[in-house]
Amino acid sequence: SYGIVWLAIAALAAVLLRRPLVFPLVVIAYFAASAASDLIKLAVGRARPVDHPLVSEPATSSFPSGHAATSFACAATLARFAPSRTQQVLLFVLAAAISWSRVYVGVHYPLDVLAGAALGLLIATALNFSLARFAFRSGSRA
């Protein structure tokens, strides 16, 4: 919970790839996706599925899935630094598994997860675009 898997992967990637920027970027992606999904949840107020969930029902509303938003934001941010296509794919497979688990345990509808994934990808793309603009203006490469 709380993105620990993504923060651990980011810390490991920062050390192994010798790219210390990876960790703070994943932290930014995580918190931006979490904040954005929380704001949308407040605005939409969609009730969670009424079946008996396998975990305790979260107190927040259902749409969009915060787990999906943060997972895809972190996976896309990490994928930018992954040395191989296989590693990039594995990051997205992990994000999809975490996201779909929310439907499996009964606390989200599939559309909640799809919307959360799209939100996470949008945030990672915006972060990547902002970083590229900053790097271009400062004359460095991130």
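When a residue number appears, it is its place in the shown sequence, counting from 1. All values below come from the heavy atoms of this structure, side chains included, with hydrogens, waters and symmetry mates left out.
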Gap between atom OG1 of Thr70 and atom CG of Leu7 - 0.5 Å precision: 9.5 Å
Non-hydrogen atoms of Ile123 and Ala33 that approach each other most closely: CD1-CA, 3.3 Å
Partners passing side chain to side chain contact (heavy atoms under 4.5 Å, CB included) against Val15 (at least two apart in sequence or in another chain): none
Min side-chain heavy-atom separation Val89-Phe92 under 4.5 Å: no
Under 3.5 Å: donor-acceptor pair, side chain of Ser34, backbone of Tyr30: no
Option from His67, Arg102, Arg46 for which side-chain hydrogen bond (donor to acceptor under 3.5 Å, both in side chains) with Asp112 holds: Arg46
Residues clustering with Tyr109 (ILVMFWY side chains joined when closer than 4.5 Å, directly or via others): none
Which atom of Leu127 lies closest to which atom of Leu25, heavy atoms considered: CD2-O, 3.5 Å
Euclidean distance, Arg80 CZ relative to Leu21 CG, rounded to 0.5 Å: 7.5 Å
CA sep, side-chain torsions, deciding dist, call: Leu90, Leu94, side-chain contact (heavy atoms from CB on, under 4.5 Å): CA-CA 6 Å; Leu90 289 174; Leu94 178 59; over 6 Å; no
Minimum heavy-atom distance between Leu17 and Pro83, given as atom pair plus value: CD2-CG, 3.8 Å
Close side-chain approach of Ile98 to Val5, heavy-atom, < 4.5 Å: yes
Sub-4.5 Å side-chain heavy-atom contact between Ser37 and Leu119: yes
Least distance between heavy atoms, Ala10 atom then Phe23 atom: CB-CD1, 3.9 Å
Phe81 side chain reached by Leu91 side chain, heavy atoms, under 4.5 Å: no
Beyond-backbone contact of Pro64 with Lys41, side-chain heavy atoms, under 4.5 angstrom: yes
